[in-house]
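Keep in mind it's a predicted model, so treat the numbers as computed, not measured.
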Amino acid sequence: KEDFSMMKDVHATLCGTKSFYSSEGLDGISVARQACGGHGFSSYSGFTSCYTEFSPNVTYEGDNTIMALQTARYLLSCLQKAQKGGKLQDNVEYLWNFNETLSIQQCLITKISQLNLGVIYEILKVNATQLIFAAGKALMTGDGGFKEAWDKKAGIKLIDAARGHINFFTYKAFWEKIDSEVPESSKLREPLEKLCALYGIEKLLAFPIGLAETGYLNSKQFIMLRER
């Protein structure tokens, strides 16, 4: 009671997950509808009513772009706190060692079999850190000051930073839940781990900008991700 220490972290997490989960959900409905060809546009398919009912979610309780920017603002404040040696909440604790993470020049994987859950976790973490750092740098190097950079120059980088963090957060939460709730002997363990790996790799291939711009992954390693 009376402990509000996690309020900002919870707010930022809810903003980010609402933004990207609802957008991805709507995109998923659209892809599924199109995959069914003409039948997907028939009312009998159920997709038309499903799409209509779900589409307002990207605006309900705050436009998704605004929600994502609130997440980005929190992430940049955490990066600034990490630079000063301050304590961070568990969800953003990976930023505390941002200098060490950014110093890693190249991922060392050389074969597909090395792409286990732990390696995918590290790649997602590097991607998120790179994107958050790039967003912070864009704000600090703007000629017109912080407000003008935020309003006019750094928007895309801020959204990328929020997305990178939410992708990493979701993967981390998924993996931790499997590890803590599903016994090694369970038949569910393997398919759930495969699903977790699929989620992580799909996000890395769909939004690889932090890895591509810095050269952390090379073309052969991206091919490995696709083949995994």
Would one find more than 12 heavy atoms of other residues, nucleotides or ligands at under 6.0 Å from atom CZ of Phe47?
yes
OG on Ser219 to CE on Met224, rounded to 0.5 Å:
9.5 Å
Under a single-linkage definition using a 4.5 Å side-chain heavy-atom cutoff for Ile, Leu, Val, Met, Phe, Trp and Tyr, are Met67 and Leu26 assigned to the same hydrophobic cluster?
no
Backbone of Tyr74 reached by a side-chain donor or acceptor of Ser77 within 3.5 Å
yes
Under the side-chain hydrogen bond (donor to acceptor under 3.5 Å, both in side chains) definition, can you give me all pairs with a residue in residues 51-64, not counting sequence neighbours?
Lys18-Asn64, Ser22-Asn64, Ser23-Asn64
Please report the shortest heavy-atom distance between Ala162 and Ala68, naming the atom on each side.
CB-O, 3.4 Å
Can you tell me how far apart CG (Asp9) and CG (Leu14) are? Round to the nearest 0.5 Å.
9.5 Å
Could you grab the distance from atom SG of Cys107 to atom CG of Leu115, nearest 0.5 Å is fine?
7.5 Å
Among the clusters formed by ILVMFWY side chains lying less than 4.5 Å apart, do Leu131 and Ile104 turn up in the same one?
no
Ignoring hydrogens, what is the shortest heavy-atom contact between Ile112 and Glu227? Give both atom names and the distance.
CD1-OE1, 3.1 Å
Answer yes if Ile201 and Ile109 sit in the same cluster of Ile, Leu, Val, Met, Phe, Trp and Tyr residues linked by side chain heavy atoms under 4.5 Å apart, and no otherwise.
yes
Between Gln130 and Thr214, is there a donor-acceptor pair closer than 3.5 Å when you use the side chain of the first and the backbone of the second?
no
Is a donor on one side and an acceptor on the other found under 3.5 Å between the side chain of Asn127 and the backbone of Phe207?
yes
Between Arg189 (side chain) and Val182 (backbone), is there a donor-acceptor pair under 3.5 Å?
yes
Inspect the contact between Lys203 and Glu24 and indicate whether a charged nitrogen and a carboxylate oxygen are less than 4.0 angstrom apart.
yes
Main-chain N/O of Lys81 paired with Trp96 side-chain donor or acceptor, under 3.5 Å:
no
Nearest 0.5 Å, please: how far is OG1 in Thr71 from CG in Leu76?
11.0 Å
If you draw a 6.0 Å radius around CG in Leu102, do more than 12 non-hydrogen atoms from other residues or ligands fall strictly inside?
yes
Sequence neighbours left out, what passes salt bridge (charged side-chain N to carboxylate O under 4.0 Å, His left out) with Lys157? Give chain and number order.
none
Under 3.5 Å, is there a donor-acceptor pair between the side chain of Glu176 and the main chain of Ala173?
no
Donor-acceptor contact present, side-chain Gln114 to main-chain Lys111, <3.5 Å:
yes
Enter the distance from Ile178:CD1 to Glu193:CD here, rounded to the nearest 0.5 Å.
6.0 Å
Given the rule that I, L, V, M, F, W and Y join up when any side-chain heavy atoms are under 4.5 Å apart, are Ile123 and Ile223 in one cluster?
no
Can you check whether Pro183's main-chain N or O pairs, donor with acceptor, with Ser186's side chain at less than 3.5 Å?
no
What's the separation between atom SG in Cys15 and atom CZ in Arg73, rounded to the nearest 0.5 Å?
11.5 Å
Could you check whether any side-chain heavy atom of Gln89 comes within less than 4.5 Å of a side-chain heavy atom of Val10, counting everything from C-beta outward?
no
Are Leu217 and Leu204 close enough that some pair of their side-chain heavy atoms sits under 4.5 Å apart?
no
On a heavy-atom basis, which atom in Phe222 and which in Pro208 lie closest, and how many Å separate them?
CE2-CB, 3.6 Å
Tyr199 and Leu205: same hydrophobic cluster, using ILVMFWY side-chain contacts below 4.5 Å?
yes
Nearest heavy-atom neighbours spanning Thr13 and Ile166
O-CD1, 4.2 Å
Run the numbers on Val92 and His165 for side chain to side chain contact (heavy atoms under 4.5 Å, CB included), then give the verdict.
CA-CA 8 Å; Val92 290; His165 170 71; 3.7 Å; yes
Without swapping roles, check the side chain of Ser49 against the backbone of Gly46 for a donor-acceptor pair under 3.5 Å.
yes
For a 4.5 angstrom cut-off between non-hydrogen side-chain atoms, does Asp90 reach Glu93?
yes
Tell me if a side-chain donor or acceptor on Ser19 pairs with a main-chain N or O of Gly16 at a distance below 3.5 Å.
no
Nearest atoms (heavy-atom pairs only) where Ile29 meets Cys50
CD1-SG, 3.8 Å
Are Cys196 and Leu117 side-chain neighbours, meaning at least one heavy-atom pair lies under 4.5 Å?
yes
Might you work through the side chain to side chain contact (heavy atoms under 4.5 Å, CB included) test for Leu139 and Leu158, ending with a clear yes or no?
CA-CA 9 Å; Leu139 287 174; Leu158 291 165; 4.1 Å; yes
Could I get the full list of ring pair (Phe, Tyr, Trp, His ring centres under 6.0 Å) partners for Tyr216, not counting sequence neighbours?
none
Does Val119 reach the side chain of Asn116, with side-chain heavy atoms less than 4.5 Å apart?
yes
Among Phe20, Phe174, Tyr94, the one residue meeting ring-ring contact (aromatic ring centres under 6.0 Å, His included) with Phe168:
Tyr94
If you look at every heavy atom in Leu95 and Leu79, which pair is closest and at what distance?
CD1-N, 4.3 Å
For the residue pair Thr170 and Tyr21, establish whether any side-chain heavy-atom pair is separated by less than 4.5 Å.
yes
